[in-house]
Amino acid sequence: MGAHADDELLQTWIDGWSACRGYEPHRDGRSTSVLLTDQQNQTEHFLFEPTTERFLELASETRQDPGRVLTVVTNRMQELIDAAQPLRMHVTDRQQSLMSVDMRGQDVEDPRVPGDDYTLQRSSEGACRSVTVHVGGELAARGSVSVVGDYAVYDRIVTEEGYRRRGLGSYVMRTLTAGVLEDDITTGLLMASADGRALYAFLGWQHLADVFVIEDKGRLRRACGIPDGTIAAWLRRTP
């Protein structure tokens with residue numbers, strides 16, 4: 001049976017994601033916040049399927065804090081984005097996806113290295129396990145996974161630009177999976193980018209909920225050095 005998207009599942013993902021990035025989640029009864037120590041100490045707040053009132057409350061607070069972003073996991077994405085329009089905030093990402101996979105039946109054997117010139121390296125720190133793939137001494141792909149209860153939370157599955165379309169993303173995922181299946185893992189969990197969703201769907205992952213990120217337009221302007229009054233024109237030029 002597949003996972004069901006709820007607040008507890010989001011908290012599991014946050015705990016696993018934080019473990020691999022060295023963050024410490026804080027819960028205050030309204031949202032979960034994480035200080036992003038590797039991103040100029042900005043704070044990211046997370047909400048799962050909030051009421052419109054709760055979402056607007058947190059969005060208003062985000063608008064007043066230039067060091068804060070709000071990430072919402074929901075199946076009512078457009079409804080909530082429309083509700084926030086009067087706040088004149090910027091949706092920086094609306095194409096992420098919370099995804100899961102049944103780990104039972106996954107291959108417990110390490111996959112074969114793609115070629116003789118490929119080198120696999122493993123490392124671990126606390127609950128987080130990582131792999132890197134080098135080709136001729138050059139980094140080609142990497143990824144991490146952490147174990148939270150009976151969940152495996154995957155993070156930063158990255159293939160470098162010059163090594164894409166060689167199956168390295170699948171290779172990294174399968175290598176990480178073979179490692180965590182030594183534990184009593186039942187479900188895999190990740191938050192996929194737009195680019196990653198196709199790979200994970202190919203590997204049998206299921207979409208659970210949409211994810212979008214919202215922040216103050218003024219924060220974006222200041223971060224990019226955009227003069228006041230030109231943010232809309234700048235955004236239209238952004239690919």
Report yes if the side chains of Thr62 and Asp216 come closer than 4.5 Å at any heavy-atom pair, otherwise no.
no
Short side-chain to backbone donor-acceptor contact, Arg164 and Thr159, under 3.5 Å
yes
Any chain of hydrophobic side-chain contacts (each under 4.5 Å) joining Tyr23 to Leu98?
yes
Answer yes or no: is there a side-chain heavy-atom contact under 4.5 Å between Thr187 and Asp150?
no
Gln206 atom CD: more than 12 heavy-atom contacts under 6.0 Å
no
Donor-acceptor list for residues 53-61 side chains, cut-off 3.5 Å, not counting sequence neighbours:
residue : atom : partner : partner atom : Å
Glu57   : OE2  : Arg30   : NH1          : 2.5
Ser60   : OG   : Leu56   : O            : 2.8
Glu61   : OE1  : Arg30   : NH2          : 2.9
Glu61   : OE1  : Arg68   : NH2          : 3.2
Glu61   : OE2  : Arg30   : NH1          : 2.9
Glu61   : OE2  : Arg30   : NH2          : 3.4

Is the shortest side-chain heavy-atom distance between Val153 and Cys20 below 4.5 Å?
no
Given side chains that start at C-beta, do those of Glu24 and Thr37 come closer than 4.5 Å, heavy atoms only?
no
Is there a chain of hydrophobic side chains (I, L, V, M, F, W, Y, each step under 4.5 Å between heavy atoms) that links Tyr163 to Ile157?
yes
Is Leu47 reachable from Leu87 through a run of I, L, V, M, F, W or Y residues, each pair having side-chain heavy atoms under 4.5 Å apart?
yes
I need the minimum non-hydrogen distance between Gly179 and Arg129, along with the two atoms involved.
O-NH1, 3.2 Å
Check the pair Arg21, Arg156 against side-chain contact (heavy atoms from CB on, under 4.5 Å), reporting the backbone distance first and the verdict last.
CA-CA 10 Å; Arg21 301 200 182 202; Arg156 284 177 171 167; 3.2 Å; yes
Please determine whether the number of non-hydrogen atoms from other residues, nucleotides or ligands lying under 6.0 Å from atom CG of Asp38 exceeds 12.
yes
Could you check whether Arg27 pairs with Asp15 (Lys NZ or Arg NE/NH1/NH2 to Asp/Glu carboxylate O, under 4.0 Å)?
yes
Check whether Asp28 reaches the backbone of Ser31 with its side chain - one donor and one acceptor, N or O, closer than 3.5 Å.
yes
Tell me, do Met173 and Leu190 make a side-chain contact under 4.5 Å, heavy atoms counted?
yes
Between Arg142 and Thr132, what is the shortest heavy-atom contact and its length?
CB-CG2, 4.0 Å
Given side chains that start at C-beta, do those of Glu160 and Leu168 come closer than 4.5 Å, heavy atoms only?
no
Arg76 backbone acceptor or donor facing Thr74 side chain under 3.5 Å:
yes
Let me check something: do Leu139 and Tyr118 share a hydrophobic cluster, defined by ILVMFWY side-chain heavy atoms less than 4.5 Å apart, either directly or through other members?
no
Run the numbers on Val69 and Thr92 for side-chain contact (heavy atoms from CB on, under 4.5 Å), then give the verdict.
CA-CA 9 Å; Val69 299; Thr92 58; over 6 Å; no
Report yes if the side chains of Ser144 and Leu176 come closer than 4.5 Å at any heavy-atom pair, otherwise no.
no
Have a look at Glu49 and tell me which of Asp6, Val73, Asn75 forms a side chain to side chain contact (heavy atoms under 4.5 Å, CB included) with it.
Asn75
Any Lys/Arg nitrogen of Arg122 or Asp110 sitting under 4.0 Å from an Asp/Glu carboxylate oxygen of the other?
yes
Check for me whether the distance between the ring centres of Phe46 and Trp17 falls short of 6.0 Å.
yes
What are the two closest non-hydrogen atoms of Ser170 and Leu199, and how far apart are they?
OG-CD1, 3.2 Å
Test Tyr200 against Val101 for side-chain contact (heavy atoms from CB on, under 4.5 Å), laying out the working first.
CA-CA 9 Å; Tyr200 303 128; Val101 71; over 6 Å; no
Which heavy atom of Val172 sits nearest to which heavy atom of Val131, and what is that distance?
CG1-CG2, 3.8 Å
Ser33 to Thr43 - nearest heavy-atom pair and separation:
CB-CG2, 4.0 Å
Please find the pair of heavy atoms, one from Ile185 and one from Gly149, that lie closest to each other, and give the distance.
CD1-O, 4.0 Å
Any non-hydrogen side-chain atom of Thr177 less than 4.5 Å from a side-chain atom of Tyr154?
yes
Evaluation steps, side-chain contact (heavy atoms from CB on, under 4.5 Å), between Thr186 and Met103
CA-CA 5 Å; Thr186 62; Met103 299 290 280; 5.7 Å; no
What do you reckon, is CD of Gln78 surrounded by more than 12 foreign heavy atoms closer than 6.0 Å?
yes
Side-chain heavy atoms nearer than 4.5 Å, only ILVMFWY residues, links allowed to pass through others: does that put Tyr151 and Leu208 together?
yes
